[in-house]
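Step one of this worksheet: look at the structure below.
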4 protein chains.
Amino acid sequence: MTKVGSNSGSVSGDELKSIVERIERLEEEKQGISDDIKDVYTEAKGRGYDAKVLRRVIAARKMDANERQTQAEVFDLYLAALGML
Amino acid sequence: MTKVGSNSGSVSGDELKSIVERIERLEEEKQGISDDIKDVYTEAKGRGYDAKVLRRVIAARKMDANERQTQAEVFDLYLAALGML
Amino acid sequence: MTKVGSNSGSVSGDELKSIVERIERLEEEKQGISDDIKDVYTEAKGRGYDAKVLRRVIAARKMDANERQTQAEVFDLYLAALGML
Amino acid sequence: MTKVGSNSGSVSGDELKSIVERIERLEEEKQGISDDIKDVYTEAKGRGYDAKVLRRVIAARKMDANERQTQAEVFDLYLAALGML
DNA sequence: CACTGGAAAATGCCGC
DNA sequence: GCGGCATTTTCCAGTG
């Protein structure tokens, strides 16, 4: 049951306000970082890199090496089954 | 575990092909409808309507149809606690 | 300028309604097909296929063969430059 | 054309590495903040708040801050034409 | 033809 | 553990 339900229609404005503001503050920071990331991609693009591929590289690095290998194998297996290899 | 893992590296090409083709067929149809929608927007634009606003009207109506009031009481209560009402 | 702007605040309700309803009708159909696609993925999963990889296979097939090859080469090139190959 | 295409198959590992690492660093920070946000929601939940509603409150405030009234006149006009006001 | 903004897809999370 | 939902990310069309 929620706080709302458990106290008959009254909520501490201060407590709630604090929570909301903390979240909003964090989301601002997060947005700032997202913007920074975007900037780096833009810069990379300016230097001649292909942003799309760059994203795939980052994603690949994030993946555990073994997992990556496994997925690649399954992928090829499916292509082979479809006669595409 | 995936099919791949469970049968030592072999996949029925026919079954997979059937699945893939069904999906591709459906995606084609879907694309066709997307094109139709785009056509309507284009036509509307030709008649002087603002496509951007049109989209917002559609979105608003969808929200209407769905819930619009779901959880609204609790929501208003929170807004009130924040001094926003 | 939009229709709205060009006729001093009046819009033909019938014409607009027709447009909106046509779009909504099409979007319903589209949603239905999306649901169908989801069903096929669910079924495939039930048969042991890895849905994630399946999506990649579909995407690969959609891509022009040459373009795919090019992207793969660039991808490997980047990995090599990073000492990951 | 990408850097790749323009230099016959070779990419400066150092430059690329720098770019990739900057992005990865930023994404780490971003993830950390996401975790912080999640923590706040968890804490709020522990105090009896409904996380789902909280999210809607935050979203509503964001819309407030942004525009809320952008294009609203045209929008209302269309709604009126549709008999929705 | 690059950029912005909006739609679509994919991923991840939370609940049962 | 799985399905549904919300968020995030990716893609694409419209615009200057």
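So that the names make sense, note that chain A is the first sequence line, chain B the second, and so on, each numbered from 1.
- Within the 4.0 Å cut-off from OP1 or OP2 of E:dA10, at least one side-chain nitrogen or oxygen of C:Arg55 is found.
- In this entry the distance linking CG of D:Asp35 with P of E:dG12 reads 13 Å, nearest Å.
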Please walk me through it: do C:Glu73 and C:Gln69 pass side-chain hydrogen bond (donor to acceptor under 3.5 Å, both in side chains)? CA-CA 6 Å; C:Glu73 278 165 16; C:Gln69 172 89 2; 3.1 Å; yes
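- C:Lys38 comes within 4.0 angstrom of nothing in the nucleic acid, heavy atoms only.
- The NZ-C1' distance, from C:Lys62 to F:dC12, rounds to 12 Å in whole Å.
- Side-chain atoms of A:Ser18 do not come within 3.5 Å of backbone N or O of A:Asp14 as any donor-acceptor pair.
- Per the geometry, CG belonging to C:Asp50 stands 16 Å off C1' belonging to F:dC2, to the nearest Å.
- Expressed to the nearest 0.5 Å, how far CZ of C:Arg22 lies from CG of B:Asp36 amounts to 10.0 Å.
- Here the closest heavy-atom approach between residue B:Leu16 and residue A:Tyr78 is recorded as CD2-O, 3.6 Å.
- One interatomic measurement links the two molecules: CD1 of B:Ile37 to C1' of F:dG14, which rounds to 17 Å at whole-angstrom precision.
- Here the C1' atom of nucleotide E:dC14 and the NZ atom of D:Lys45 are 7 Å apart, to the nearest Å.
- In this structure, CE of A:Met63 is placed 14 Å from P of E:dA10, rounded to the nearest angstrom.
- One interatomic measurement links the two molecules: CG of C:Leu54 to C1' of E:dA10, which rounds to 14 Å at whole-angstrom precision.
- Between A:Lys30 and A:Lys52, the residue whose closest nucleotide on DNA chain F is further toward the 5' end is A:Lys30.
- Straight-line distance from the OH atom of B:Tyr41 to the P atom of F:dC12: 19 Å, rounded to whole Å.
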